Protein chains: 2
Amino acid sequence: MANQLDSFFAALADPTRRAVIERLARGAAPVSELHAPHDMALPSFLKHIGKLEAAGLVRSEKKGRTRIVHIEAAPLKEAETWLHQQRALWEGRLDRLQSLAEALERKPS
Amino acid sequence: MANQLDSFFAALADPTRRAVIERLARGAAPVSELHAPHDMALPSFLKHIGKLEAAGLVRSEKKGRTRIVHIEAAPLKEAETWLHQQRALWEGRLDRLQSLAEALERKPS
DNA sequence: TCATTACCTAGCCACATGGCTAACCAACTC
DNA sequence: GAGTTGGTTAGCCATGTGGCTAGGTAATGA
């Protein structure tokens, strides 16, 4: 039953991984370039890339001895949709409460 | 530097906690009612509520011997905005690539 | 006032996560 | 063909997470 949202959100719950996504949103890049700004050993960094890839947020392919990483937008959209639905539900409820309050105000018992 | 998004996304990375949010989007509820559908000891469940509260996704207040839990929409919106920005960046880039491709097609060297 | 209800605290456990080093391989470059 | 570059694999470690039981406490109802 563990929804794919599990791994999507878990993948985004880490600042290193969000930074990678932010970088990749501006275009694909090889691992070495993605790694450069992060003060962390390469193997540790590769684990993050692995999580992103396992969550389907990212794709990668080997070109010669370098590995190019691309973002995958569909899961971002799915997560965004879930969040939006919850918010819409909640805000819809607030609207209805407000209507109720106004109705009660117009017609006090 | 650990952004608040850290705890927001981490809080949403668990199906139990997302189910709680989905329930609360339809209105506030006491802990016992939130707990009922989940096959899990109460203390375990309370830890989930604690995480949601620590992440600011939820507020709660004690009324007599029961605790009422409410959703807090602002963080949902913040996370949604972040996701939307990344996607917009990415899709904007795709648009520009497409324009470039079309431009090249119109005027082949 | 006594029992029940609704939650809270403490403490334990297994496993996942996020970091590291060391050692390796495979592709370029000179 | 020897060295350098860019990843990769293996394995270790500390801490965090998500579950549990046992045993509170405080409000409520009979």
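Every chain is numbered from 1 and lettered A, B, ... according to where its sequence line falls, protein lines coming before strand lines. Bear in mind the structure is a predicted one, so any value in this text is a computation, not a measurement.
Rounded to a whole Å, the CE atom of Met40(B) is 6 Å from the P atom of dC20(D). One interatomic measurement links the two molecules: CG of Leu42(B) to C1' of dC20(D), which rounds to 13 Å at whole-angstrom precision. Atom CD1 of Ile68(A) is separated from atom P of dG7(D) by 8 Å (rounded to the nearest Å). The interatomic distance linking Arg65(A) (CZ) with dT4(D) (C1') rounds to 7 Å, in whole Å. When the P atom of dT17(D) is taken as reference, atom CG of Leu52(B) falls 13 Å away, rounded to whole Å. One can place CG of Asp6(B) at 16 Å from C1' of dT15(D), the figure rounded to the nearest angstrom. Look at CG on Leu46(B): it is 17 Å from P on dT17(D), rounded to the nearest Å. We find that NE2 of His35(A) is positioned 13 Å from P of dT8(D), with the value rounded to whole Å.
A 4.0 Å heavy-atom criterion places the boundary nucleotides of DNA chain C facing chain B at dT4(C) to dT9(C), written 5' to 3'.
Remark: Ser44(B) is not in phosphate contact with dG18(D), judged by side-chain N or O atoms under 4.0 Å from OP1 or OP2. Applying the 4.0 Å criterion to OP1 and OP2 of dG18(D), one finds that Arg17(B) has a side-chain N or O inside that range. One finds no side-chain N or O of Thr66(A) lying less than 4.0 angstrom from the OP1 or OP2 phosphate oxygen of dT5(D).
Side chain of Ser44(A) to backbone of Met40(A): no donor-acceptor contact under 3.5 angstrom is found. Under the 3.5 Å distance criterion, the side-chain polar atoms of Gln4(A) are left unmatched by any main-chain donor or acceptor of Ala55(A). Side chain of His48(A) to main chain of Val20(A): no donor-acceptor pair is present (N/O by atom type, distance under 3.5 Å, no hydrogens or angles). In this structure a side-chain-to-backbone donor-acceptor pair under 3.5 Å is missing from Glu61(B) to Ile68(B). Between the side chain of Arg17(B) and the backbone N or O of Ala10(B) there is at least one donor-acceptor pair closer than 3.5 Å.
Evaluation of the salt bridge (Lys or Arg N to Asp or Glu O under 4.0 Å) rule for Glu22(A) yields no partner, not counting sequence neighbours.
Looking at Ile71(B) and Leu52(B), their side chains never come closer than 4.5 Å, going by heavy atoms from C-beta outward.
Ranking dG6(D), dG7(D), dG19(D) by closeness to the Ser32(A) side chain, first place goes to dG7(D).
When each of Lys47(A) and Lys62(A) is assigned the nucleotide of DNA chain D with its nearest heavy atom, Lys62(A) is the one assigned upstream, toward the 5' end. Mapped onto DNA chain C by nearest heavy atom, Lys63(A) and Thr16(A) fall at different nucleotides, with Thr16(A) at the one closer to the 5' end.
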